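Below is one structure, written out as structure tokens; the observations come after it.
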There are 2 protein chains.
Amino acid sequence: MPADPVPTRLRLRLLFGTDAMLGPGKADLLQQIRETGSISAAGRAMGMSYKRAWSLVEEMNAAFREPLVQSARGGASGGGAQLTAMGEAVLAGYRRIEEIAAEAAGAEIAALAGFLRDMPDGK
Amino acid sequence: MPADPVPTRLRLRLLFGTDAMLGPGKADLLQQIRETGSISAAGRAMGMSYKRAWSLVEEMNAAFREPLVQSARGGASGGGAQLTAMGEAVLAGYRRIEEIAAEAAGAEIAALAGFLRDMPDGK
DNA sequence: TTGCGATATGTTTCGACGAACATATTGCTT
DNA sequence: AAGCAATATGTTCGTCGAAACATATCGCAA
């Protein structure tokens, strides 16, 4: 068989109770913060305003027992941010969940994708 | 241990290529159509305008090789809609994927939920 | 002590998406 | 032939959330 004509991805979102949630956006943000060492740089890398990035960080820090992101302002480089141990754990956990789910449901997902029309768009 | 303080749910969305996607909303809509035999009744049951429900149906019908919903207008009861065999298959497949993913990742999800603050809100 | 770069946070502006509204159409029933 | 109930589809109107804009603050370095 040829490479699958329609690459199918699985995105998942965890709903904690009524308000708190963790999805691909926050996970990617955590990862970018981890890589760039800055909330603003992470936001830029994702085409997201600093304000929005910061808001998401604030939500996450409030939702868990301990903050996921530790930030500092001032200093030589103006400040920065990095993941706490809790932040590392949550990010790793989310990635693991993604992987496990995609793996477990892979066959079913492929079956569904097989029902798709070949070219959904006009391309 | 007591019942989990924060009931955690998993919602997943399948992204087919760039445009087509299938998530909880469309799946629930399919199920309601199946149960009510009508697009408008399904929309009402979900607090969704007929127009929106119809649009979603149109998207789904266009995305797959065969329509998922077959509709008829006119007639004794004014018309109606029902799932095609393809529609039944897609709905069942999505539910199965949900179940498999939740089951496979259950332990990891519970672990993450354990990191949550007890009362995210003020309640 | 001035400047820089990033965090922190409030206010205003804007645009997309859905709701609401409005019709047209269809085919049984009576 | 008239009426009904639901599909089908276009148009307008509101609203919520994000973007954009605007400051304030911090701490090191030069």
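Note on naming: letters A, B, ... go to the chains in the order of the sequence lines (proteins, then strands), and numbering restarts at 1 for each one. These figures come from a predicted structure and were not determined experimentally.
- Residue S38(B) has no polar side-chain atom (N or O) positioned under 4.0 Å from OP1 or OP2 of dA5(D).
- Looking only at atom types and distance, the side chain of S38(A) has no donor-acceptor partner in the side chain of T36(A) under 3.5 Å away.
- Across all strands shown, G80(B) has heavy atoms under 4.0 Å from sugar-phosphate atoms exclusively, and none from any base.
- Atom CD of E99(A) sits in a sparse spot, with 12 or fewer heavy atoms from other residues, nucleotides or ligands closer than 6.0 Å.
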Side chains of residues 77-97 of chain B: which donor-acceptor pairs under 3.5 Å do they make with residues two or more places apart or in other chains?
residue, atom, partner, partner atom, Å
S77(B), OG, G79(B), O, 3.2
T84(B), OG1, P67(B), O, 2.7
T84(B), OG1, L68(B), O, 3.3
T84(B), OG1, M86(B), N, 3.3
T84(B), OG1, G87(B), N, 3.0
E88(B), OE1, R34(B), NH1, 2.2
E88(B), OE2, R34(B), NH1, 3.0
Y94(B), OH, L12(B), O, 2.6
R95(B), NE, Q31(B), OE1, 3.1
R95(B), NH1, E98(B), OE1, 3.1
R95(B), NH2, D28(B), OD1, 2.8
R95(B), NH2, Q31(B), OE1, 2.7
R96(B), NE, E108(A), OE1, 3.3
R96(B), NE, E108(A), OE2, 3.2
R96(B), NH2, E108(A), OE1, 3.4

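- Atom CD of E35(B) is surrounded by more than 12 heavy atoms from other residues, nucleotides or ligands within 6.0 Å.
- In this structure a side-chain-to-backbone donor-acceptor pair under 3.5 Å is present from K26(B) to M21(B).
- The shortest side-chain heavy-atom distance between L15(A) and L22(A) does not fall under the 4.5 Å cut-off.
- Looking at heavy-atom distances under 4.0 Å, A41(B) makes no contact with the nucleic acid at all.
- A salt bridge does not link R117(A) to E66(B): none of the charged side-chain nitrogens sits closer than 4.0 Å to a carboxylate oxygen.
- In the region residues 46-53 of chain A, proximity to DNA chain C at under 4.0 angstrom, judged on heavy atoms, holds for Y50(A), K51(A).
- Taking the 5' to 3' direction, DNA chain C first and last meets chain A under 4.0 angstrom from a heavy atom at dG5(C) to dT11(C).
- One can place CZ of R73(A) at 12 Å from C1' of dT23(D), the figure rounded to the nearest angstrom.
- I33(A) and Y50(A) fall within a single hydrophobic cluster, where Ile, Leu, Val, Met, Phe, Trp and Tyr are joined by side-chain heavy atoms under 4.5 Å apart, directly or via other members.
- Phosphate contact (OP1/OP2 of dA8(D), side-chain N/O of W54(B), threshold under 4.0 Å): present.
- With the nearest nucleotide of DNA chain C identified for both S40(A) and G75(B), S40(A) has the one nearer the 5' end.
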